[in-house]
Amino acid sequence: MTSLSGVRSQRKNSRPLSPGDMDYIEPKKKSNLMGKLILLASLIILAFIVINKASSFTSPSVFSRREEGVTHVLVTGGAGYIGSHAALRLLKDKYRVTIVDNLSRGNLGAVKVLQRLFPQTGRLQFIYADLGDPAAVEKIFSENAFDAVMHFAAVAYVGESTLYPLKYYHNITSNTLGVLEAMARHKVKKLIYSSTCATYGEPEKMPITEDTPQVPINPYGKAKKMAEDMILDFSKNSDMAVMILRYFNVIGSDPGGRLGEAPRPELREQGRISGACFDAARGFIPGLQVKGTDYKTSDGTCIRDYIDVTDLVDAHVKALEKAQPHKVGIYNVGTGKGRSVKEFVEACKKATGVEIKVDLLPRRPGDYAEVYSDPTKILRDLNWTARFTNLQGSLQVAWRWQKIHPHGYASY
């Protein structure tokens, strides 16, 4: 074993380093120095990235601040049939749009279409949320600077409402209360509320005016009327500008072929007659079921006022433009002309070119015989009138989209 003194002796007797020795260890020093420099540079770059990321997390979104000349509209239910068409029109008119939808009835594919059409920063954002969740609603309103709300989000099938009435009162009445409270807390000053002619029930006199008594006969109409009553009561002591649009039976689709009606398969039985007609024309169902042929009408079937979705969203935009603080506007949105279900079926046959099989069945619970509007007031106040009033023409436009998208938005 080597002693400590021996080690010292070895060190003492060690020869001085020669130039050759120096040449041998110098690259090691250089390598270590280079490694340290690379490590230091990497750390600086990493810190720079982290700082940038952190600042992007804390920087306010363009949707969270108000801008001169830009109107930011919250469109609830904006992934749905009517809501998506309204969002398209608003975006075309240079509004900033936030869509909120839980996709229980809406289609993410419709949102994707809009995102592709308007990819620019600050034009459109989509928030997946349920308006029945108070915390989610509060987060939406606290993180965004809205100037107005178009409230479409709602379940909207008369027959389904008779089977699941509590679902309708919760989804329509309770959720509208939550939206209204959030608007009040965050000082959002305009509300365009999507209501329905179902609030009138089965009036004794036609056509229906805005002064026709509201006596709804199904939970859907009752829930909408309750929501209207809440809005009206709140508005008495508020400076909010409110427009309530009671519209009739919606048909058609975007004339540009970008959007259409695509109800979920499990809801087809409850859906609109236009959807049923198209399903029958494509062979998805064996035929069209006409429910009720013994009403006191000219041909025994229900009479309805069919309004094209393009006209309907035009009425919403005009209402948004004309809404005034401290005032409430209530308007029927219809063509002023009633068409029977049998007339509708014949128009659908011509639009599709298919001889659709028709099954005549008993009445559907909650339906009413005859409903059509008097659009005088909306023409006078908002300078709005329906332009797409050719029933077959509206159905042809919708049919074009249906043929190209036989499975709705499934391919998006």
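If you read the sequence from its start, that first residue is 1, and numbering goes on from there.
Under the side chain to side chain donor-acceptor pair (under 3.5 Å) criterion, S142 pairs with no residue, sequence neighbours left out. Under the ring pair (Phe, Tyr, Trp, His ring centres under 6.0 Å) criterion, F152 pairs with H316, not counting sequence neighbours. E138 meets the side chain to side chain donor-acceptor pair (under 3.5 Å) test with R185, H186; sequence neighbours excluded. Annotation: ring pair (Phe, Tyr, Trp, His ring centres under 6.0 Å) contacts of Y168 (sequence neighbours excluded): none. Among residues two or more places apart in sequence or in another chain, the ring pair (Phe, Tyr, Trp, His ring centres under 6.0 Å) test is passed with F63 by H72. With sequence neighbours excluded, the residues that form a side chain to side chain contact (heavy atoms under 4.5 Å, CB included) with M240 are L180, M183, L191, F234, S238, V242. In this structure S298 satisfies the side chain to side chain contact (heavy atoms under 4.5 Å, CB included) test with no other residue, sequence neighbours excluded. K357 meets the salt bridge (charged side-chain N to carboxylate O under 4.0 Å, His left out) test with D359; sequence neighbours excluded. Taking the ring pair (Phe, Tyr, Trp, His ring centres under 6.0 Å) definition, one finds that W384 meets it with nothing, sequence neighbours left out.
The salt bridge (Lys or Arg N to Asp or Glu O under 4.0 Å) pairs that include a residue from residues 163-180 are E160-K167, where partners are two or more places apart or lie in different chains. Under the side chain to side chain donor-acceptor pair (under 3.5 Å) criterion, the residue pairs touching residues 385-400 are D308-S394, with sequence neighbours excluded.
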Residues 375-382, side-chain donor-acceptor partners within the protein, below 3.5 Å, at least two apart:
{"residue": "T376", "atom": "OG1", "partner": "D374", "partner atom": "OD1", "Å": "2.5"}
{"residue": "K377", "atom": "NZ", "partner": "I330", "partner atom": "O", "Å": "2.9"}
{"residue": "D381", "atom": "OD2", "partner": "Y331", "partner atom": "OH", "Å": "3.0"}

